[in-house]
Q: 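Would you mind keeping the following structure in view while I ask a few things?
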Amino acid sequence: MKKIICLVFATLVLMMSAFTFSVSAEDTTSPDYIYFQVPTEPTVAWKNFSLVYCHIWSEGNDGADFYAWQAKDERCEDLGNGYWRYDITKLDFKEDSTYSLIFSNENGMQTYNLSFTSACKGDIVVCEGDMCVNPVDSEKNCAVARWMENKDKVFPSAQIGSDGAMLDPDGVFNADIDRKWGNSDGVTVAMPEVVVPTEPETEPETQAQTEAQTEITDADDSEDSYLVWYIVGGAAVVVILLVVVLSIVIFKKRIK
């Protein structure tokens, strides 16, 4: 009987400790850390691992990593009961910037890219069981991770996969497009047609403009005709003068 009572008591202690940590992880987390609950759903469960890493890099054109993939400085601290935490005080964050993070273990299992802002400090990353293609290797899948407190504000990142396909687990890319085009109610709208600019068409001329252009053309033709006649007439005069001069010269020689 005593053994049974001891066994029940031990079980209750374990349950209470698990409950206590769960509550403390959600209610008394520190902004010096970000927390991670290891995936336990059958579709994405992590098994047979002993290390968890947190890889963080800057989104945008530079995309700079704070540390190399699974470097010693990326190791997380095991809190027990499937919870881990990562100390972010050693990272030089810019408060107005957006970052991405991935949790992984030494056996190749990892989460999908999750956006990270300063609002997420002290929040818990959880995996609810859905998967997505690994952005780096389309032949592999990874667990989709989301923030517990900031789930409706900060989302898994939209990425172009290694096979060229768009990866967007929560539809944030399409939602952003909708917001930009004023579609805040989520109603599908047609994207504006892209019009390729062309050379402007010449406006039709009025009758007066047409007649004026005709007169100008006729005047140009007349001037060209007069010029031809001037040239021909001048040449004829020169020939006649040469003939006259030659005739006079020949006549004088015959007289002598």
Side-chain angles (χ1 to χ4, degrees), residues 14 17-18 20-22 24-26 29-59 62-93 97-117 120-151 154-163 165 167-170:
L14 289 174
S17 62
T20 301
F21 175 76
S22 178
S24 63
E26 296 180 18
T29 56
S30 167
D32 291 340
Y33 299 90
I34 53 176
Y35 299 82
F36 176 59
Q37 183 181 27
V38 173
T40 56
E41 293 294 329
T43 52
V44 294
W46 286 13
K47 300 177 181 179
N48 304 321
F49 69 95
S50 58
L51 297 174
V52 172
Y53 299 87
C54 181
H55 184 66
I56 302 178
W57 70 97
S58 175
E59 291 186 357
D62 54 354
D65 299 334
F66 284 104
Y67 299 107
W69 176 260
Q70 292 193 346
K72 184 177 180 180
D73 286 321
E74 292 192 339
R75 288 187 182 181
C76 299
E77 178 186 356
D78 186 2
L79 299 179
N81 197 34
Y83 283 90
W84 297 69
R85 71 180 182 182
Y86 182 63
D87 184 358
I88 58 176
T89 59
K90 55 189 173 183
L91 306 180
D92 183 19
F93 285 114
S97 296
T98 301
Y99 300 87
S100 287
L101 65 81
I102 292 174
F103 285 97
S104 65
N105 62 35
E106 75 274 23
N107 294 329
M109 289 172 278
Q110 68 175 72
T111 62
Y112 179 80
N113 303 16
L114 178 63
S115 292
F116 172 40
T117 68
C120 302
K121 293 179 179 180
D123 203 345
I124 306 171
V125 175
V126 296
C127 299
E128 300 170 333
D130 49 328
M131 295 186 297
C132 186
V133 173
N134 188 319
V136 179
D137 186 353
S138 60
E139 298 297 322
K140 298 180 180 179
N141 292 325
C142 50
V144 177
R146 298 179 178 87
W147 296 104
M148 183 175 290
E149 297 297 328
N150 290 275
K151 182 178 180 179
V154 185
F155 307 93
S157 306
Q159 301 284 322
I160 300 297
S162 60
D163 58 354
L167 305 176
D168 191 14
D170 286 5

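For the numbers below, each heavy atom of this structure counts, side chains included, while hydrogens, waters and symmetry mates do not.
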Q: Do the charged groups of Asp130 and Arg146 touch, with an N to O distance under 4.0 Å?
A: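 Between Arg146 and Asp130 there is a salt bridge, with a charged N closer than 4.0 Å to a carboxylate O.
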Q: Minimum heavy-atom separation for Asn105 and Leu51, please, with both atom names.
A: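 Of all heavy-atom pairs spanning Asn105 and Leu51, the closest is CB-O, 3.1 Å.
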Q: Supply the atom-to-atom distance Tyr33 OH to Thr89 OG1, rounded to the nearest 0.5 angstrom.
A: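 Nearest 0.5 Å value for the OH-OG1 distance: 7.0 Å.
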Q: Answer yes or no: is there a side-chain heavy-atom contact under 4.5 Å between Phe155 and Pro169?
A: no
Q: Tell me if a side-chain donor or acceptor on Thr98 pairs with a main-chain N or O of Glu59 at a distance below 3.5 Å.
A: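 Looks like no, no N/O pair under 3.5 Å.
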Q: Could you go through Asp87 and Glu77, starting from their C-alpha distance and side-chain angles, then the distance that decides it, and tell me whether this counts as side chain to side chain contact (heavy atoms under 4.5 Å, CB included)?
A: CA-CA 8 Å; Asp87 184 358; Glu77 178 186 356; over 6 Å; no
Q: Which heavy-atom pair separates Trp84 from Gly82 by the least distance, and what is that distance?
A: CD1-O, 3.9 Å
Q: Could you state the interatomic distance from NZ (Lys151) to CG (Asp170), rounded to the nearest 0.5 Å?
A: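 Here the interatomic distance stands at 8.0 Å.
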Q: Between atom SG of Cys127 and atom CZ of Phe36, what is the distance when rounded to the nearest 0.5 Å?
A: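 Result: 4.5 Å between the selected atoms.
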Q: Are any of the side-chain heavy atoms of Val144 and Glu128 separated by less than 4.5 Å?
A: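 The answer is no, as the side chains (C-beta and beyond) never meet within the 4.5 Å cut-off.
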Q: What distance separates Arg85 CZ from Ser30 OG, expressed to the nearest 0.5 Å?
A: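 Between atom CZ of Arg85 and atom OG of Ser30 there are 7.5 Å.
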Q: CG of Leu101 to CH2 of Trp57: how many Å apart, nearest 0.5 Å?
A: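 So the gap between those two atoms works out to 7.0 Å.
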Q: Is there a side-chain contact between Ile102 and Leu114 in this structure, where contact means two heavy atoms from C-beta onward sitting under 4.5 Å apart?
A: no
Q: Evaluate the side-chain proximity of Ser104 to His55: yes if any heavy-atom separation is below 4.5 Å, no if none is.
A: no
Q: Write down the atom of Lys121, the atom of Pro31, and the distance for their closest heavy-atom approach.
A: CB-O, 3.5 Å
Q: Ignoring hydrogens and geometry, is there a side-chain-to-backbone donor-acceptor pair from Lys90 to Asp73 under 3.5 Å?
A: yes
Q: Could you report the tightest heavy-atom contact between Leu167 and Gly161, atom names first, then the distance?
A: CD1-CA, 3.8 Å
Q: Under the side chain to side chain contact (heavy atoms under 4.5 Å, CB included) criterion, do Val52 and Tyr86 qualify, and how do the steps go?
A: CA-CA 9 Å; Val52 172; Tyr86 182 63; over 6 Å; no
Q: Do we see a donor-acceptor contact under 3.5 Å between the side chains of Ser157 and Ser115?
A: yes
Q: Could you tell me which non-hydrogen atom of Tyr35 sits nearest to which non-hydrogen atom of Thr29, and how far apart they are?
A: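 Shortest heavy-atom separation between Tyr35 and Thr29 comes out as CE1-CB, 3.3 Å.
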Q: If you take all heavy atoms of Ile124 and Gln37, which pair is closest and at what distance?
A: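 For Ile124 and Gln37, the tightest heavy-atom pair comes out as CG2-N, 4.5 Å.
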Q: Decide yes or no for Phe116 and Val125: does some side-chain heavy atom of the first lie under 4.5 Å from some side-chain heavy atom of the second?
A: no
Q: Would you say Ser58's side chain and Ala64's backbone share a donor-acceptor pair under 3.5 angstrom?
A: no
Q: Does the side chain to side chain contact (heavy atoms under 4.5 Å, CB included) test come out yes or no for Asn150 and Thr117, once each step is laid out?
A: CA-CA 10 Å; Asn150 290 275; Thr117 68; 6.0 Å; no
Q: Which pairs of donor and acceptor atoms, one on a side chain in residues 38-49, lie under 3.5 Å apart (sequence neighbours left out)?
A:
{"from": "Thr43", "atom 1": "OG1", "to": "Gly129", "atom 2": "O", "distance (Å)": "2.5"}

Q: Using the test ring-ring contact (aromatic ring centres under 6.0 Å, His included), find all partners of Phe66 that sit at least two apart in sequence or belong to another chain.
A: Phe93, Tyr99
Q: Hey, what do you get for CE (Met109) to SG (Cys142), rounding to the nearest 0.5 Å?
A: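 Interatomic distance, Met109 CE to Cys142 SG, rounded to 0.5 Å: 12.5 Å.
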Q: Would you please test Trp69 and Tyr53 for side chain to side chain contact (heavy atoms under 4.5 Å, CB included) and show each step?
A: CA-CA 8 Å; Trp69 176 260; Tyr53 299 87; over 6 Å; no
